[in-house]
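Here's the structure we're looking at; comments come further down.
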Amino acid sequence: MSRRRYAFVGTGHRAQMYFDSLLGAHNAVGVPVALCDTNPTRVEYYQRLFTAAGGSGPLPVYPAERYAAMLRETRPDAVVVTSVDATHADYAVHALDNGVGAIVEKPLTTDAEGCARISEAARRSSAPLVVTFNYRYSPRNSAVKRLLSEGAIGRVTAVHFEWVLDTVHGADYFRRWHREKANSGGLFVHKASHHFDLVNWWLDDTADVVTAHGGLRFYGDAEPPAERAPFGMDLAADPRLNALYGGAARDDGYHRDQDVFGPGVTIEDTMAALVRYRRGAVLTYSLVAYAPWEGYRVSITGTGGRLELEVVERSSVPAGDASELVRWKAVDPSAVDDGNADQVRASGTTLLVQRHWSAAEEVALPDAGPGHGGGDRLLLDDLFQPGARADPLGRAAGWLDGVRAVLVGAAANESMARGGEPVRVQLPGVEEAA
Ligand SMILES: NC(=O)c1ccc[n+]([C@@H]2O[C@H](COP(=O)([O-])OP(=O)(O)OC[C@H]3O[C@@H](n4cnc5c(N)ncnc54)[C@H](O)[C@@H]3O)[C@@H](O)[C@H]2O)c1
C-alpha cells in the first residue's frame, strides 16, 4: 500500500510532533510532502529536520499565499493544520472543498462564524476532518470517560472544572500571538476548548446556554507587579526555541518573548463560566493563568455518586529563566515528576470514585509514560492509521466535536462582552448533520 501524503501548514512549535512521527514511528504509513508558512526561517527549520532524518531532496515550500497551489501541485491526502488559530478555518475549508482531508489542531477555529463555515464545508465534502484533541488520550481523562460510560456514578448532573495555569505556562500565552484575541479567540477558546471538549465528550452532550465573566487582572500594562524579572525569557538559552523564533523575528517582526506586562494584550487571564447542558447537567468552570502551581481539578456528581480527578502537573515554580521552564512544559506537559514530590502539594494524579453509601475508592491509572502519559502515541496512531485500533471510548474527534467545543468558548466570549448575559449555543444545521 502506498504511503499517505501529508502537507503541513504552520511550521512552528506544534507541527513537530506530527512531523517527527511521520519521519519516525509512522514512516511506514505516511510521509510529509510539502511545507507552508508565512515565515521562511521556521520552514527552513523543518527542512533541516527532514534532511537530517534522511528524507529525499528538499520538500517543496510554499508561502502562505500559495497554499492553494501547494494542495494543487503536491496532491496531499491530508493537510496538517498547525498554524495560528484564526487561520485554521480558511485552510480547513479550502482543503475540504478540494477533496483533501484536514488534520486540525485545537481550537478548530476561533469563533461562531468559523464554526459555520467549517460545518458547511464538512457537510458538502467527502474528505474527512479530524480535530486533534490530545487531552482525550491522556490515560486519566480516558479513565473518566470509561467510568462515566460504565455508569459508575449514574446519570451526571453536575460538573465542577477548575483549570490552573502557572506563572510560566500561563504567562507564555501573554508572550506570544495568543495575547491578541483576534489570533486565538482568547483563552476561553484557545485553552478552554480542550476542557469544554472533555466535558462534552465525558457527558456525551452538547452545551445549551453559557454565562461568563472574566477580565485581564494580572498580566497586561495596567498594574505590573514590582517583581517582573521571573517573567522574562531568554530565547537564546534554548536551542530549539532560538532556532524557531530567534532569528525568525527578522522575517516577520513576530517576537515570541514579548513582555507579559507590555501593552497590546486583548485576552483575559481570569475567567469563569456557567454552562447548562441540553440533557440538564450544569458545568461550573474556572480558568486562571497566573497561579503558583499548575494542574486541574474536576468533580463530577451523578445520581449514583461522585467522581473526583485531581492533577498536579507542577507543584511550584522556581523563579528562573522562563525559557528553561517553558521547555520543560513543552517536552511533556503532563510529566508528573517535577522534582517537587516532597512538597505539601506533591505532583501527581488522584482519581477517586465514591458511590452513595460507600467509602471512596481510588482508581488505579496506567503508568504515565512520556508524551502526555502515552496519550500522544495513541493519538498519532489514530491519525495516521485510522481504524487500525478499536476506539471503544470514541476518542477520535471530528469536525462536529471541534465545533461543539469552540462554540462554548465563543458563547462565553459573547456573554463576557454583554456583561454576563446568558448566550445560547446554537448553530443551525449542525445538529441535523450529526
Ligand atoms: N493540542 C495541544 O496541546 C497544542 C499544543 C500547542 C499548540 N497547539 C495548537 O497548534 C497550533 C500552533 O501552535 P504553536 O504553538 O505551534 O504556535 P507557533 O507560533 O509556534 O506556530 C504557528 C506557526 O503558524 C505560522 N503562521 C502564522 N500565520 C500564518 C498564516 N496565515 N499561514 C500559515 N502559517 C502561519 C507561524 O509563522 C508559525 O510558524 C495552534 O493552533 C495551537 O493552538 C495545540
Side-chain angles (χ1 to χ4, degrees), residues 10 14 81-89 91-92 102-119 122 129-138 141 145 159 161-165 169-170 172-173 176-208 210 212 214 267-269 271-275 277 283-289 296 298 333 372 375 379 394-416 423 425-427 430:
R14 186 63 178 166
V81 182
T82 43
S83 50
V84 167
D85 303 344
T87 66
H88 292 183
Y91 290 135
I103 293 173
V104 187
E105 255 301 348
K106 53 55 55 181
L108 177 56
T109 180
T110 49
D111 53 20
E113 189 262 344
C115 288
R117 287 199 295 130
I118 291 171
S119 305
L129 187 154
V130 179
V131 184
T132 55
F133 278 131
N134 52 328
Y135 283 26
R136 291 184 177 196
Y137 289 82
S138 163
N141 298 331
K145 173 70 177 174
V159 181
F161 196 137
E162 182 187 22
W163 198 274
V164 183
L165 293 165
H169 187 215
D172 220 31
Y173 296 105
R176 301 177 287 160
W177 49 262
H178 312 61
R179 74 207 304 271
E180 291 177 52
K181 216 164 200 179
N183 291 330
S184 65
L187 295 181
F188 256 141
V189 169
H190 175 82
K191 190 71 198 166
S193 64
H194 268 310
H195 317 144
F196 297 140
D197 172 65
L198 283 178
V199 178
N200 297 349
W201 177 59
W202 284 333
L203 270 55
D204 193 17
D205 203 355
T206 301
D208 185 16
V210 180
I267 63 170
E268 298 79 17
D269 56 20
M271 283 152 280
L274 187 60
V275 183
Y277 274 77
L283 162 69
T284 44
Y285 175 82
S286 143
L287 174 62
V288 291
Y296 60 106
V298 186
H372 295 95
L379 166 75
R395 284 189 291 213
W399 64 270
L400 187 54
D401 302 300
V403 162
R404 282 188 175 136
V406 169
L407 284 179
V408 187
N413 277 337
E414 196 181 327
S415 176
M416 277 195 301
V423 173
V425 175
Q426 55 185 353
L427 185 61
V430 162

Exercise for the section: Check step by step if side chain to side chain contact (heavy atoms under 4.5 Å, CB included) holds for Asn141 and Trp202. Expected result: CA-CA 9 Å; Asn141 298 331; Trp202 284 333; 3.9 Å; yes

Fill in the blank from the handout: When every non-hydrogen atom of Ala112 is compared with those of Ala410, the smallest separation belongs to N-CB, 4.1 Å

Practice task
Over 60° means perpendicular and under 30° means parallel, so classify the ring planes of His195 and Tyr285, tilted if in between.
Solution key: tilted

Practice task
Tell me, with the steps shown, if Asp401 and Arg136 meet side chain to side chain contact (heavy atoms under 4.5 Å, CB included).
Solution key: CA-CA 12 Å; Asp401 302 300; Arg136 291 184 177 196; 3.6 Å; yes

Problem - pair Glu162-Val288: side-chain heavy atoms closer than 4.5 Å - result: no

Handout entry: Between NZ on residue Lys191 and NE2 on residue His178, distance to nearest 0.5 Å
Key = 9.0 Å

Exercise for the section: Could you tell me the separation between the CZ atom of Phe188 and the CE atom of Met271, rounded to the nearest 0.5 Å? Expected result: 6.0 Å

Exercise for the section: Under the side chain to side chain contact (heavy atoms under 4.5 Å, CB included) rule, what do Tyr277 and Val199 come out as? Steps first, then yes or no, please. Expected result: CA-CA 10 Å; Tyr277 274 77; Val199 178; 3.5 Å; yes

Problem - Shortest non-hydrogen contact between Val403 and Ser119, atoms and distance - result: CG2-OG, 3.7 Å

Handout entry: Spacing of CH2 belonging to Trp163 relative to OG belonging to Ser286, to within rounding of 0.5 Å
Key = 12.0 Å

Exercise for the section: Check whether any side-chain heavy atom of Asp85 lies under 4.5 Å from a side-chain heavy atom of Trp177, and answer yes or no. Expected result: yes

Fill in the blank from the handout: Heavy-atom closest pair (Gly114 atom, Ala89 atom, distance to 0.1 Å) is CA-CB, 4.2 Å

Handout entry: Between CG on residue Asn413 and CD on residue Glu268, distance to nearest 0.5 Å
Key = 6.0 Å

Practice task
May I ask you to test the Leu187-Asp269 pair for a side-chain heavy-atom distance under 4.5 Å?
Solution key: no

Practice task
Say whether Arg404 and Thr206, considering side chains only, have a donor N or O and an acceptor N or O under 3.5 Å apart.
Solution key: yes

Handout entry: Atom pair CD1 (Ile118) and CG (Leu400), whose distance is rounded to the nearest 0.5 Å
Key = 12.0 Å

Exercise for the section: Apply the test side chain to side chain contact (heavy atoms under 4.5 Å, CB included) to residues Ile267 and His190: give CA-CA distance (whole Å), side-chain angles for both, the deciding distance (0.1 Å), then the verdict. Expected result: CA-CA 10 Å; Ile267 63 170; His190 175 82; over 6 Å; no

Exercise for the section: Would you check if the side chain of His88 reaches a backbone N or O of Ser83 as a donor-acceptor pair within less than 3.5 Å? Expected result: yes

Handout entry: Nearest-0.5 Å distance, OG1 of residue Thr109 to CH2 of residue Trp399
Key = 13.5 Å

